[in-house]
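A, B, ... follow the sequence lines: proteins, then strands. Residue 1 opens every chain. All values derive from a computational prediction rather than experimental measurement.
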2 protein chains.
Amino acid sequence: MQETLSIGELARRTGCQVVTIRYYEQVGLLPEPARTAGGHRAYTPAHLRQLDFIKRGRSLGFPLAAISGLLNLLEDRDATCSDIDALAEQHLAEVRAKIADLRAIEAQLETSLAQCRHETRAQCAVAEALVSAG
Amino acid sequence: MQETLSIGELARRTGCQVVTIRYYEQVGLLPEPARTAGGHRAYTPAHLRQLDFIKRGRSLGFPLAAISGLLNLLEDRDATCSDIDALAEQHLAEVRAKIADLRAIEAQLETSLAQCRHETRAQCAVAEALVSAG
DNA sequence: GTGCTTTCTATAGTCGCTATAGGTTCAAGC
DNA sequence: GCTTGAACCTATAGCGACTATAGAAAGCAC
């Protein structure tokens, strides 16, 4: 009937790892595929599309739970564009918060490293920043 | 002889959580303290200083392994300032790499959200970015 | 001695995989 | 038909840095 894909082919086409695909199935993110007589997974093109979606979501940093929510929204005929955008907005806010955190860390490390004269260990500015309050 | 601190006091003074302090002991980052007759941990001011150090390292995003390395360097009389700075430089590079990743994600999310007209679900730019290659 | 808070240990869960062990199936070549 | 080697199967444990839970014991004020 339908052409199917082995888990290896699916991995190659999506850029996911085989173990990761099985993991997605285990946590309910990817539906269980049919099996061959020998018990090997036989995926359909629909699985390929869904895994592509998951992969893109992951590359945007969405956690698996959010991707699961997005998949539900896409299947829900009553869901609106705003519902989808709300998830993306929320994620964007988290991404920006992380960037802000990391930039503060970057600035502190830069300052300490710039101040350091690389002379004696006792005067190391990096050590200083860690030992005393700053 | 020496005034000691309970784990709760140590937590309050350092801003760590009690369970986290016990975890640090478990993984060998904080030395095992003496115990009271009843088995409660009795910390010294040296523990307080070390935990403060760990806390500052964590707030700079250093992984526990790096903090362990830094602690060893501080105790090693032969270690130089450059040894310490090398660890910080390496960490700074990792922080910058993460920032770059997150900024790319931020830009993509911003673009999708800006393009979205919030009209029909089928035309949602965010969904579009996830469903089709981009 | 009576409560109440703090502390104790041990275990399991979080997230998103990754690694390992030990076995089975499949596809191609002969 | 048979062999070989790759791909596949399940189950389990590990990563980092905690967090949560349960049930018991200690400590301290009144």
Which ones in residues 25-33 of chain A lie close to DNA chain C, meaning a heavy atom under 4.0 Å from one of its atoms? none
When you check the side-chain N and O atoms of B:Thr80 and B:Asp83, is any donor under 3.5 Å from an acceptor? yes
Looking only at side-chain N and O atoms, does B:Ser6 come under 4.0 Å of OP1 or OP2 in C:dT7? yes
To the closest 0.5 Å, what do you measure between CZ (B:Arg56) and OG (A:Ser132)? 6.5 Å
Within a 6.0 Å radius of atom CZ on A:Arg103, are there more than 12 heavy atoms belonging to other residues, nucleotides or ligands? no
Report the distance from atom NZ of A:Lys98 to atom P of C:dC15, rounded to the nearest whole Å. 13 Å
From the options A:Val18, A:Thr14, A:Val19, select the one residue that forms a side chain to side chain contact (heavy atoms under 4.5 Å, CB included) with A:Cys16. A:Thr14
Let me know the distance between CG of B:Leu5 and P of C:dT7, rounded to the nearest Å. 11 Å
What is the distance from CD of B:Glu9 to P of C:dT6, rounded to the nearest Å? 11 Å
Output the distance between atom CZ (A:Arg13) and atom CG (A:Leu51), rounded to the nearest 0.5 Å. 12.0 Å
For A:Lys55 and C:dC17, what is the distance between atoms NZ and P respectively, to the nearest whole Å? 9 Å
Does a side-chain N or O of B:Arg22 approach OP1 or OP2 of C:dT11 to a distance below 4.0 Å, or not? no
Side chains of B:Tyr23 and B:Leu29, heavy atoms from C-beta outward: is any pair under 4.5 Å? no
Rounded to the nearest 0.5 Å, what's the gap from CG on A:Leu92 to CG on A:Leu60? Could you check? 10.5 Å
Whole Å only: how far is the CZ atom of A:Arg41 from the P atom of C:dT24? 17 Å
Less than 4.5 Å apart, any side-chain heavy atom of A:Leu109 and any of B:Phe62? yes
What is the distance, rounded to the nearest whole Å, between atom CD1 of A:Ile54 and atom P of C:dG16? 12 Å
For nucleotides 18-30 of chain D, read 5' to 3', which letter fits each nucleotide if B means a protein heavy atom sits under 4.0 Å from the base, S means only the sugar-phosphate is that close, and - means neither? BS------SS---
Going by side chain to side chain donor-acceptor pair (under 3.5 Å), A:Arg41 matches just one of A:Glu25, A:Glu32, A:His47. Which one? A:Glu25
Over all strands shown, is A:Arg12 touching base, sugar-phosphate only, or nothing at heavy-atom distances under 4.0 angstrom? nothing
